[in-house]
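Quick notes on the structure that follows.
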Amino acid sequence: MTLAKPQQGKIPATVITGFLGAGKTTMIRNLLQNADGKRIALIINEFGDLGVDGDVLKGCGAEACSEEDIIELTNGCICCTVADDFIPTMTKLLERENRPDHIVIETSGLALPQPLVAAFNWPDIRSEVTVDGVVTVVDSAAVAAGRFADDHDKVDALRVTDENLDHESPLEELFEDQLTAADLIVLNKTDLIDADGLKSVREEVASRISRRPTMIEAKNGEVAAAILLGLGVGTEGEIANRKSHHELEHEAGEEHDHDEFDSFVVELGAIADPAAFVDRLKGVIAEHDVLRLKGFADVPGKPMRLLIQAVGSRIDQYYDRAWTPGERRGTRLVVIGLHDMDEAAVRTAISALV
Ligand SMILES: Nc1nc2c(ncn2[C@@H]2O[C@H](COP(=O)(O)OP(=O)(O)OP(=O)(O)O)[C@@H](O)[C@H]2O)c(=O)[nH]1
């Protein structure tokens, strides 16, 4: 493959990672609206079949990133599809005449950043692009609530169904792996906890990693573009020293997977009383320990669709855009949980709310 030579140096790429619902898309949305004149190409990878993040981002910062500069990778977690999906996508992007000033990659909330960053060492990519930095977004409220700490009951329960499970705790491990890869850690959602809580979160995050990347605090992902896009690290050269649990356990190169997690889409009809629906949805989420739920609802009489976003049982909702002519109105929600989540029971419980 022969690629056109960049006019000036390599294109910087920022990898944005962090657990499900930490605030990655919100941070990118803010970035696109305050991009200081930079033209950004966005590669978005999502776990679950609905493509909600791409929809949230399209049109929100058209000057910085037009719809054709938003590329969605939907064939599973980006860390598992590097060769088949990510490399060809990058290659196509680099072949474009009108190349971006900066590339931003949002990984799925379940992705290990290490294989993705390592892919920037592939010769064709390395000569054209460098990883400006890995930014790990942390849901401070979830950390304060112990989401990534004492998960041992869950792990024991998983072991009953999968005795080969070699991991300590899927949530804990992913949390640490995403922190391990970071050049910058953004402690997000500071509005949801007090100063003492935040201090504990800082301590807990620091205790999970041996390196000391910069940690900053944010709410609604509000971080200046100059900080997010100006790390200048060249992380592809360092990533071999930031191994994930999986790499440490399987130095022989065994493939990793995300079998510990499951997702499915629930389709419903119109929701006449969204306030009551969301209120009762909180109960279903808590009862079944749903990690993340997001999608769109059809509210009769409303020209716009209702975006529903749940992280644990905290739920946000707003009308995000009008249904377009010819678009099939309906309610579609993607549900993500640990692999022992009872899909049939969750489907039945959500369907009973309408
Ligand atoms: N209270 C509060 N809510 C936030 C903040 N940042 C994001 N949120 C909300 O958290 C929910 C998840 O945010 P997203 O930006 O979609 O999170 P994400 O990391 O992209 O989620 P996935 O792509 O599903 O992993 C949304 O409802 C956001 O509005 C924050 O700082 N404070």
Side-chain angles (χ1 to χ4, degrees), residues 14-33 42-58 60-61 70 72-74 76-79 104-113 134-145 147-148 170-171 174-175 177-179 182 185-194 197-198 201 216-223 228 258 261-265 278 281-282 285 290-297 306-320 332-337:
T14 299
V15 174
I16 298 189
T17 186
F19 191 65
L20 295 167
K24 300 176 291 297
T25 308
T26 307
M27 192 171 82
I28 293 171
R29 190 183 168 139
N30 180 69
L31 171 70
L32 295 185
Q33 288 165 344
L42 199 53
I43 298 178
I44 308 171
N45 172 232
E46 201 170 351
F47 190 77
D49 289 336
L50 269 187
V52 177
D53 294 356
D55 255 33
V56 167
L57 290 166
K58 277 176 196 156
C60 77
I70 300 183
E72 295 176 75
L73 298 185
T74 53
C77 273
I78 199 166
C79 52
V104 171
I105 302 159
E106 178 184 356
T107 74
S108 92
L110 300 181
L112 299 180
V134 175
V135 179
T136 302
V137 186
V138 171
D139 180 338
S140 304
V143 175
R147 192 32 127 181
F148 306 101
L171 293 190
L174 244 182
F175 180 56
D177 288 344
Q178 293 175 341
L179 291 174
I185 295 174
V186 177
L187 302 179
N188 192 36
K189 305 199 185 180
T190 55
D191 55 311
L192 297 177
I193 52 172
D194 62 17
L198 192 53
V201 170
I216 59 172
E217 295 162 14
K219 75 173 161 36
N220 294 318
E222 288 162 9
V223 179
L228 278 184
H258 302 277
F261 298 90
D262 259 345
S263 88
F264 56 91
V265 174
V278 163
L281 186 59
K282 285 182 189 163
I285 288 173
V290 170
L291 295 170
R292 184 84 167 98
L293 178 151
K294 55 185 172 177
F296 307 100
L306 184 70
L307 177 69
I308 296 179
Q309 291 260 25
V311 181
S313 41
R314 187 173 305 108
I315 305 186
D316 289 334
Q317 47 176 317
Y318 60 90
Y319 290 95
D320 80 317
R332 285 177 282 280
L333 302 169
V334 63
V335 180
I336 305 174

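Whatever order the structure lists them in is the order used to number ligands and atoms, beginning at 1. Note that this is a predicted model, so its numbers are computed, not measured. These values consider heavy atoms only, across backbone and side chains, with no hydrogens, waters or symmetry-generated copies.
Nearest protein neighbour of atom 16 (O) of ligand 1, counting heavy atoms only, is Arg292 NH2, 3.1 Å. What sits closest to atom 18 (P) of ligand 1 on the protein, heavy atoms only, is Lys24 N, 3.5 Å. For atom 11 (C) of ligand 1, the closest heavy atom belonging to the protein is Val311 CG2, 3.7 Å. In this structure, atom 17 (O) of ligand 1 lies nearest to the protein heavy atom Gly23 N, 3.1 Å. When hydrogens are left out, the protein atom nearest atom 26 (C) of ligand 1 is Asp316 OD2, 3.6 Å; that is the closest non-hydrogen contact. The protein non-hydrogen atom at the shortest distance from atom 7 (C) of ligand 1 is Thr26 OG1, 3.5 Å. The nearest heavy-atom contact from the protein to atom 8 (N) of ligand 1 is Lys189 CE, 3.8 Å. From the protein, the heavy atom lying nearest to atom 6 (N) of ligand 1 is Asn188 ND2, 3.1 Å.
Using a 4.0 angstrom heavy-atom cutoff, Gly18 does not count as in contact with ligand 1. The closest approach between Lys294 and ligand 1 falls below 4.0 Å for a heavy atom of the residue. Residue Glu46 places no heavy atom under 4.0 Å from ligand 1. Residue contacts with ligand 1 include Glu106, since one of its heavy atoms falls under 4.0 Å from the ligand.
Ile193 and Ala144 make their closest contact through CG2-CB, 3.9 Å (heavy atoms, listed as atom of the first residue, atom of the second, distance). Between Ile285 and Ala310 the shortest heavy-atom distance is CD1-CB, 3.6 Å. For Ile308 against Ala297, the heavy-atom pair with the smallest separation is CD1-CB, 3.9 Å. Here the closest non-hydrogen pair linking Ser263 and Phe47 is CB-CE2, 3.6 Å. Residue Asn188 comes nearest to Ser140 through the heavy atom pair O-OG, 2.6 Å, listed as atom of the first residue, atom of the second, then distance. The heavy-atom pair separating Leu112 from Cys79 by the smallest distance is O-CB, 3.2 Å.
Here's the thing with Gly21: one of its N/O atoms is less than 3.5 angstrom from an N/O atom of ligand 1. The N/O atoms of Thr25, backbone and side chain alike, include one that comes under 3.5 Å of an N/O atom in ligand 1. Considering backbone and side-chain N/O atoms, Thr190 never comes within less than 3.5 Å of an N/O atom of ligand 1.
Between the side chains of Gln309 and Arg314, no donor-acceptor pair of N or O atoms lies under 3.5 Å.
Counting non-hydrogen atoms of neighbouring residues, nucleotides and ligands closer than 6.0 angstrom, the NZ atom of Lys219 reaches no more than 12 such neighbours.
Among residues two or more places apart in sequence or in another chain, the side chain to side chain contact (heavy atoms under 4.5 Å, CB included) test is passed with Lys24 by Ile16, Glu106, Val137. For Glu222, there are no salt bridge (charged side-chain N to carboxylate O under 4.0 Å, His left out) partners, not counting sequence neighbours.
Less than 4.0 angstrom separates some heavy atom of Leu192 from each of these atoms of ligand 1: 1 (N). Annotation for ligand 1: atoms under 4.0 Å from non-hydrogen atoms of Ala22 are 17 (O), 19 (O).
In the candidate list Thr17, Ile28, Asn220, Asp53, Asn220 is nearest to atom 5 (C) of ligand 1, counting heavy atoms. When the heavy atoms of Asp191, Asn45, Ile44 are ranked by distance to atom 1 (N) of ligand 1, first place goes to Asp191.
Taken from CG in Leu57 to CD1 in Ile44, the straight-line distance is 4.5 Å, to the nearest 0.5 Å. Atom CG of Leu192 sits about 8.0 Å away from atom OG1 of Thr190, to the nearest 0.5 Å.
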